[in-house]
Enquirer: 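Take this structure, written in C-alpha cells, and hold onto it; I'll ask about it next.
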Amino acid sequence: MKLFSNTVFRQLVLRAIRTDYLENMTGFAWLVLQPLALLAVYAFVFTTIFTSRVADPEMGGFVPYLAIAFWPWTAFSESVLRSSNCISANAALIGKVSFPSELLPLSTVTATFLMNMAGYLAVLLVLQLTGVSIHWLGAIAAIPILALLYLLACGLALFFSALQVFVRDVSQILPPLMTFWFFTTPILYSSSLVPDPFATLLKFNPMAWYVERLRDFLLLGKFEFSAMDVIIPTLTLLVFWGSLLFFRRFSGHFEDFL
Amino acid sequence: MKPLVRLQGVSKFYPRVNRPRERLRAFASLMTGNEIREGAEVLQDVSLEITKGQSFGIIGENGAGKSTLLKILTGVISPSRGTVEVNARVAALLELGAGFQPEFSGIDNVKMKAALLGMTPGELDRNLDSILAFADIGDYVYEPIKHYSSGMVVRLGFAVVAASDPELLITDEVLAVGDESFQKKCIRWIESFLERGNTLLMVSHSMYLVQKLCRQALWLHDGATREIGDVFPVTQSYLAYHEERSAAERRDRQSQRGESGIYRIADFSLSGNVAEADPLIDFGGDLTAELVLHSPDGMPPVGLFGIMRADGTPVYGIASDYDEVEPERLDENHYRYRICFSQVPLLPGSYSLRGHAMDPQGLRVCDTAEIRFSIAGESRELGIIRLPHLWNDKS
C-alpha cells in the first residue's frame, strides 16, 4: 500500500475533502442531510404509501433495512460519478506537471468514501440509539466488505475517468446508468420479493451481494457463506486490476486528447 | 559517463481530436495500435544528449516545438516515436503557475507543488521558511493564488523548485515575468546551482540570458533540430536568421512599392570570376557588378548601387547622378551601368549588393534587386570594414 504513504496522494485527498465538503458552508451538513432526507422520502413512500413488507422481521423494520444499504451505495455511486470527469477537470495539472495521473480518480474515490463512511458510522450509532440492534461483531466483518466495495469503486473510477478523456459522452451516460443500477439492486426492496426469472438475473448483480452481506452482518449477525463469497471478491479484484491496466495503457495519451 | 538525459529520434504527433468523431477514430487507432494519420507533427526526430554539469539552452521561433520538447523531457507527455531516458531528479518550471490551483492559498499550493516535486512533509517543514523568504511575497501566501499577480506566482513557483534541490532544472520562458530584482535573484541562484555541478535546460527568447547561463544550445526550427552545439555559434546564426527575415520583410514592402514604377531592372549580376550561386569574393578583392535597366520612355534612368550587411545594415551606397555618370545605351529602351569596387575593404562575412532603378531625375526608387555574396577569409578584426590605420606612429 505504497499509495497511502504517497505525499501527492494525501494532498489530493485532503484537497478533495476540503473543496467538496468542508469549504462550502453546507458541505458537511449536506453530506449527512442529503442521504437522510432521501432516506426519509423513501421511508415515507415505501412504508406509508406502498406499505412494503420487509422479508425478515428481525431486521427491525424498513428504515434500518434501507439505511444499511443506502450509505454504502451512495459512497459507491457518488465516488464513481465524481471521479469520472476528474481527468478532464484537472487538464491543467496533467499537461504541465509530471505525476502518476491515476492518483486523481483514486484520491476522489478515497475522499468520497472517507466522508460517506463517517456518515455511515454516525447513522449506525443513531440506529443503535433508537433501539435497532446493530451487531457490532458483524460491523467488524463488514469492514472487508466495504474495503472490497471501495476497490470496486476505484476500479470503475479508473476505467470511466480514462474512457471519458476519449469519449466525452461518458459524463452524460453514467448518471442514468447509476440510477438504473440503483433500482436493479435490492436496496429499496428485498431480493426475496423479486419473482423468478428476475431473481436469477439479480444474482449477477455484484452490488446485490454487497448490500445483502452488509445487512446479514450488521442487522442479523448472520454469517453464512456461499460460492458468491468467492466469486464477487474475485470479480472485484479483476475489475480493479483490469481497470488499472486500462488506465495505465492510455494515460500517456491523455494530454493529446485534453 | 552515463548521460543525464538522452533523447533518441523523438517525434511528437498530436492527433486531430476536435470533433467527437475524430476523437473516437483516434481512440480506436490507439486501441488497435494503428498509427494515427490525421494531425499535426510538432517535433520531428530530435536527438539530444546531456551529461551532468552541462547547461543547455533551447532556442527557436514561436511554435517551433520548444515547449513540447520540454514536456517530453519532464515526462508530462510521451513521445509518438523515439525514446526518452532521464536519470536525474528533475524539477521543472514549465508554465506560469503550472500545478497551482487558483482557488487555494499560496501556502496550500506550495504544499502541493512540493509533494509533486517529491519532497516529503518533513523536508517541506524544514524548507518552508527559506521558500517563503525566497518568494518574498509577504502575507500574500495566505491569499488564494487567483489574487496574485503573474510575477508573484512565478516567485512562489521558483522558490519551491529552488528548495527541492534538483539535479536537473528545466525552465520555460517564465522568469521573464519577474521584476528586475527577482530575475537577478533567480539568475544568481541558477549560477550557483550550476557551480554545484548541476544541470540546466532552459528555453528562452532572450539570447542574452541563454549566452549568460548556457554553454550549449539547440536551435529548433519547425519541430526539427536546425543547429546544435556551442552556445555562441548557435545563437549567432539564430540571430542572423531573424535579422535576415526582418530584412526580407522590409524588402518585400519596398519591392511592392517598386512595382508601380515604370523604370525596371532588366538584369543585375556580378561580373568577373565569381560563381553564380553563393558568390565568394576574396578579402581585399574586386567586386564588379552590372545593372541593366529598362526604360519604357527611352530616357536614361539613374542607377544606384548599395552594399549592406546580411542583417540589412547599410555599408555604402552611391548613385550614378551623384558621380555624374551616364549609362551605356544598349538599345532604345535598355541602359547598362557597370561598377567596380576595387579592393573592397569589407571584413569576411555575408553581405548583399543591391541595385536600384531610379527615375531620370534621381528622385524616386522604382525597382530593386539584390545579390548576396560573401567575403572569404578569416580575420579577427571587428566591425564591417577595414579602415586604414597606423599604430604607434612616430612621424
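In what follows, chains are A, B, ... by sequence order, proteins preceding strands, each numbered from 1. Computed over heavy atoms, backbone and side chain alike; hydrogens, waters and symmetry mates excluded.
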Enquirer: If the condition is side chain to side chain donor-acceptor pair (under 3.5 Å), which residues does A:Q11 pass it with, not counting sequence neighbours?
Expert: none
Enquirer: Report all side-chain donor-acceptor pairs from residues 165-176 of chain A shorter than 3.5 Å, counting only partners two or more places apart or in another chain.
Expert:
from	atom 1	to	atom 2	distance (Å)
A:R168	NH2	A:F257	O	3.4
A:S171	OG	A:Q164	NE2	2.9
A:S171	OG	A:R168	O	3.4

Enquirer: Quick one: list whatever passes side chain to side chain donor-acceptor pair (under 3.5 Å) with B:S78, sequence neighbours left out.
Expert: none
Enquirer: Less than 4.5 Å to any heavy atom of chain B: does that hold for the side chain of A:R249, its backbone, both, or neither?
Expert: side chain
Enquirer: Of all the heavy-atom pairs spanning B:T120 and A:T7, show the shortest one and how long it is.
Expert: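 The answer is CA-OG1, 4.4 Å.
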Enquirer: Should we say atom OH of B:Y140 is surrounded by more than 12 heavy atoms from elsewhere, each under 6.0 Å from it?
Expert: no
Enquirer: Between B:I77, B:L116, B:V90, which shows the greatest number of heavy-atom pairs under 4.5 Å with chain A?
Expert: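 Top option by heavy-atom pairs under 4.5 Å: B:L116.
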Enquirer: Heavy atom to heavy atom, less than 4.5 Å: which residues from residues 67-74 of chain B reach chain A?
Expert: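 Answer by number: B:K71, B:T74.
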Enquirer: Pick one of side chain, backbone, both or neither for A:F250, based on which atoms fall under 4.5 Å of a heavy atom in chain B.
Expert: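 Contact with chain B is through the side chain of A:F250 alone.
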Enquirer: Side chains of A:L14 and B:K111: closer than 4.5 Å at any heavy-atom pair?
Expert: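 When only atoms from C-beta onward are counted, B:K111 and A:L14 do not touch, as no gap falls below 4.5 Å.
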Enquirer: Search all heavy atoms of A:R15 against all heavy atoms of B:D108 and return the closest pair with its distance.
Expert: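 Minimum heavy-atom contact is NH2-O, 3.8 Å.
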Enquirer: With a sphere of 6.0 Å drawn around CH2 of A:W136, does it hold more than 12 non-hydrogen atoms of other residues, nucleotides or ligands?
Expert: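 Yes.
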